[in-house]
Protein chains: 2
Amino acid sequence: MSITIKDVAKAANVSVATVSRVLNKKTNVSDDAAEAVNRAVKELGYSPNFLGRDLRKSETRRILAIIASTEQSFYSEVLRGMEEAAAVKGYDVLIATTRDDPKHEMHLLGMLFSRSVDGAVLLGPKLDSETISRLGENHNIAMCLERLENCNVLTVTIDNVRAGKDAVNYLISKGRRRIGLITTKQRSQSSIDRELGYMQALEENGIPFDERLVFYGSYEAESGTKGCEALMKLPEKPDAIFSISDMIAIGAMNYALSTGIDIGKEVLFFGFDDIQYSHIFVPHLSTVRQPCFLQGKMVVEKLIENMKSETSDKSIYMLPHSLILRETTGD
Amino acid sequence: MSITIKDVAKAANVSVATVSRVLNKKTNVSDDAAEAVNRAVKELGYSPNFLGRDLRKSETRRILAIIASTEQSFYSEVLRGMEEAAAVKGYDVLIATTRDDPKHEMHLLGMLFSRSVDGAVLLGPKLDSETISRLGENHNIAMCLERLENCNVLTVTIDNVRAGKDAVNYLISKGRRRIGLITTKQRSQSSIDRELGYMQALEENGIPFDERLVFYGSYEAESGTKGCEALMKLPEKPDAIFSISDMIAIGAMNYALSTGIDIGKEVLFFGFDDIQYSHIFVPHLSTVRQPCFLQGKMVVEKLIENMKSETSDKSIYMLPHSLILRETTGD
DNA sequence: CCCTCCGCCGAAAACGTTTGCACAAAAATT
DNA sequence: AATTTTTGTGCAAACGTTTTCGGCGGAGGG
């Protein structure tokens, strides 16, 4: 059916071993033979069957990135980082989506168990910490962006507690004392940590926590709109709102805009993620920027290191974030 | 090193053939043997090496989706369609990004040539039509969303000419006669077709074409802003603007908003794609919606059909689009 | 009682590579 | 000139599966 290395060998009048050697740029092969092989390859339009190769070498030089969906736009930058780091080491990055289904996430990890890829990095896993820990013992798994409590797996992320605290502290430094929080019902670790940061900032500044100021919704923009409405209808309105994601913040601002609130003066808004739209949407949103590219790069570098060595680094690396100050905080 | 089918066979006291049979749910195996094998599999934590399997069966049951980047948010829906159709047939979908680099796109297609995947779908390819046509002769390639002129490859897309015409016709039906067009310098076929639709609509309604009303920029929102500014500074301002993408339209509206133009009355805006943000951004954008999910579903269905049969369907399928009317056209 | 058939199973070939080993010829060293 | 080293090459094993083929034993029909 298909053209194999044997056909090339025959056409070039050499053995398959020799063909393999010139294809893999091994040194001990004569110029004549090499030329003959290359010509045959070109003539026949041969390209090697990686299933055979990978089986023999038992490595695929491929890494699988497992994400929830391609919708979260800031995954894009992380993936670029991953690809860059992978390319340096001669690896390819493949992407697959879990559709928020832990069962399907497990199915995708099957590619790892079945040696179809050499390693996998989880971005926002749906599986529980214990399961991932267990799988991580025998397979090359890493996590990125999102950490999991008690998960003994190589992780690259940011310090979400600190980041949340920094954002809220900034709002406080602008004289705000009544700060709303719009977060999610779904308890991802990053949400939890960012909320924790919010709490800490309040506490450190002697501002009493008021539970009426926190709204639990979903990750949709519409949920932010609802949250903002709820907060603004409080007897004592907030003078600033911290949302745990930019999408939510944009939704919240939509409510504010529609009711004529003077954003950046009357109420300050702070988001998280610095998605592309946060500087397209007017007014421009102040937000926390994650080093997306760097996280992706680092997680792949560390993962590949783990794959090559006997010992396995299971550390949690936290990369520095930064505050991006724009119009919604009056900057 | 790793646990193989041999180990399972030994543990279950049967031959590897039997193990393979129970793993593949073949009928002719006794209940006793099956049970023994299943127990052994569980005990040893065995999972089959797909490299071996795929090599033997010479199929991987995987399809590669090649996209420019994960940034374009409406890819997401297409991918879901692809995954759904693939799952039905027992295939997985992998995603890889070209980073807008034709050379890297070719590298990714190498996965197809090297039998690491059974088929590939190109979404917005960077390679030229001729190259893709040639590769399509010997490999299972399909295109989705974007068609290429003179490209003899299975394609699923929409009728962009017709869609552009419909959008502009709608603006005309609202009494507009001076309609601006914001498009891209980069000549993708969809842009060309949408422009063509714009022209046709004007012509059919006896509106003379005015080249000053068309602005050539990039795909960024900022470019839309610039385009809108340019159009609005014309001696005779447009009374409607059609942008070939929602991102551009949103950028354009940013300019309009900042200069106090009454969107939806003074100037109508029409976008294209119906991205997620087009109904979050206020005012809500009227736009052309593509059947993304359906395109993805169909392209995979057709591709798999091609893979199974000897003959190869190279048709272009055009799925119906629809107009979504919102605030920016006064609806 | 013999033959046939069927259910179940194992041996071995095959898929397409890479690579250790052996070996001849050529080159370099005595 | 005799020895050793180097260079280039081919043979064949190995990677982990699936699947064909044939064999064995027992059941059922004549």
Side-chain angles (χ1 to χ4, degrees), chain A residues 1-38 40-41 44-62 90 110-118 139, chain B residues 1-38 40-41 44-62 90 110-118 139:
Chain A
M1 180 68 72
S2 208
I3 297 152
T4 77
I5 199 174
K6 275 185 200 165
D7 303 319
V8 177
K10 203 166 292 174
N13 251 323
V14 295
S15 73
V16 293
T18 303
V19 176
S20 174
R21 278 189 277 256
V22 3
L23 259 44
N24 293 295
K25 312 220 184 305
K26 293 288 171 60
T27 50
N28 44 344
V29 46
S30 69
D31 293 351
D32 287 2
E35 202 204 348
V37 167
N38 285 324
V41 165
L44 299 178
Y46 166 76
S47 74
N49 184 326
F50 276 19
L51 296 173
R53 163 187 299 198
D54 293 347
L55 174 60
R56 174 58 221 243
K57 302 177 74 148
S58 32
E59 70 162 0
T60 62
R61 300 214 144 234
R62 280 192 280 267
M111 292 193 58
L112 182 58
F113 310 149
S114 63
R115 276 66 119 211
S116 297
V117 295
D118 294 346
H139 297 97
Chain B
M1 180 69 70
S2 210
I3 297 154
T4 77
I5 199 173
K6 275 184 199 163
D7 302 318
V8 177
K10 202 165 292 174
N13 250 322
V14 295
S15 72
V16 292
T18 303
V19 176
S20 175
R21 276 189 279 255
V22 3
L23 258 45
N24 293 294
K25 311 217 186 306
K26 293 289 169 60
T27 50
N28 44 344
V29 45
S30 70
D31 293 351
D32 286 4
E35 202 205 348
V37 167
N38 284 324
V41 164
L44 299 178
Y46 166 75
S47 74
N49 184 324
F50 277 19
L51 296 172
R53 162 187 299 198
D54 293 347
L55 173 60
R56 173 59 219 245
K57 303 177 73 148
S58 27
E59 69 164 2
T60 63
R61 300 214 144 234
R62 279 193 279 268
M111 292 193 58
L112 183 58
F113 311 149
S114 62
R115 275 66 121 213
S116 297
V117 295
D118 293 347
H139 297 96

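Residue numbers begin at 1 in each chain, while the letters A, B, ... track the order of the sequences. Because the structure is predicted, anything quoted here is derived from the model rather than measured.
- Proximity of A:Arg53 to the phosphate of C:dT18: a side-chain N or O atom is located under 4.0 Å from OP1 or OP2.
- Spacing between atom CG of B:Leu55 and atom C1' of D:dT19 amounts to 14 Å, rounded to whole angstrom units.
- A:Ser114 and B:Arg53 share no side-chain donor-acceptor pair at under 3.5 Å.
- In this structure, the CZ atom of B:Arg61 is 13 Å from the P atom of D:dT18, given to the nearest Å.
- Remark: P of D:dG16 and CD of A:Glu59 are 14 Å apart, rounded to the nearest angstrom.
- If you take CG on B:Asp54 and CG on A:Asp54, they are separated by 10.0 Å, rounding to the nearest 0.5 Å.
- B:Glu59 is linked by a side chain to side chain contact (heavy atoms under 4.5 Å, CB included) to B:Lys57, B:Arg61, B:Tyr91, B:Asp118, counting only residues two or more places apart in sequence or in another chain.
- For C:dT18, the OP1/OP2 oxygens have no side-chain nitrogen or oxygen of A:Lys26 closer than 4.0 Å.
- Counting any heavy atom pair closer than 4.0 Å across all strands shown, B:Asp54 reaches no nucleic acid atom.
- For the pair A:Ile3 CD1 and C:dT17 C1', the computed distance is 16 Å after rounding to whole Å.
- The CZ atom of A:Phe50 lies 12.0 Å from the CG atom of B:Leu51; values are rounded to the nearest 0.5 Å.
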Output a table of nitrogen or oxygen pairs between the protein and nucleotides 23-27 of chain D separated by less than 3.5 Å.
none

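- Rounded to a whole Å, the CZ atom of A:Arg56 is 10 Å from the P atom of D:dG16.
- Among the protein residues, A:Thr4 comes within range of the sugar-phosphate backbone only, with heavy atoms under 4.0 Å from sugar or phosphate atoms but none that close to a base.
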**Message:** Base contacts versus sugar-phosphate-only contacts with protein, heavy atoms under 4.0 Å: please encode nucleotides 5-12 of chain D as B, S and - from 5' to 3'.
**Reply:** ---SBBB-

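- A donor-acceptor pair shorter than 3.5 Å cannot be found between the side chains of A:Arg62 and A:Ser116.
- Taking atom NZ on A:Lys57 and atom P on C:dC15, their separation rounds to 22 Å, with Å as the unit.
- Taken residue by residue, residues 44-52 of chain B places heavy atoms nearer than 4.0 Å to DNA chain D at B:Tyr46, B:Pro48, B:Asn49, B:Gly52.
- We find the OG-CZ distance between B:Ser47 and A:Phe113 to be 7.0 Å, quoted to the nearest 0.5 Å.
- By the ring pair (Phe, Tyr, Trp, His ring centres under 6.0 Å) test, A:Tyr46 pairs with no residue at all, sequence neighbours left out.
- Rounded to whole Å, atom P of C:dC8 lies 17 Å from atom CG of B:Asn24.
- For B:Asp31, the CG atom is loosely surrounded, since the number of other residues' heavy atoms within 6.0 Å does not exceed 12.
- In this structure, CG in A:Leu23 is found 7.5 Å from CG in A:Asn38, a value given to the nearest 0.5 Å.
- The bend of the helix from C:dC1-D:dG30 to C:dT30-D:dA1, defined by the angle between the axes of its first five and last five pairs, stands at 40° to the nearest 10°.
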**Request:** Go through the steps to decide whether A:Asn28 and A:Arg21 satisfy the test side chain to side chain contact (heavy atoms under 4.5 Å, CB included), and finish with yes or no.
**Result:** CA-CA 8 Å; A:Asn28 44 344; A:Arg21 278 189 277 256; 4.2 Å; yes

**Message:** Does A:Ser20 form a side chain to side chain donor-acceptor pair (under 3.5 Å) with A:Asn24? I'd like the steps, not just the answer.
**Reply:** CA-CA 6 Å; A:Ser20 174; A:Asn24 293 295; 3.3 Å; yes

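- Here D:dT19 presents its P atom at 15 Å from NZ of B:Lys25, a figure rounded to the nearest Å.
- A:Asn49 CG to A:Ile3 CD1: the interatomic distance, rounded to the nearest 0.5 Å, is 12.0 Å.
- Heavy-atom minimum distance, A:Val16 versus A:Ala9: N-CB, 3.7 Å.
- In this structure, A:Leu44 CG and A:Ile5 CD1 are separated by 12.0 Å, a value rounded to the nearest 0.5 Å.
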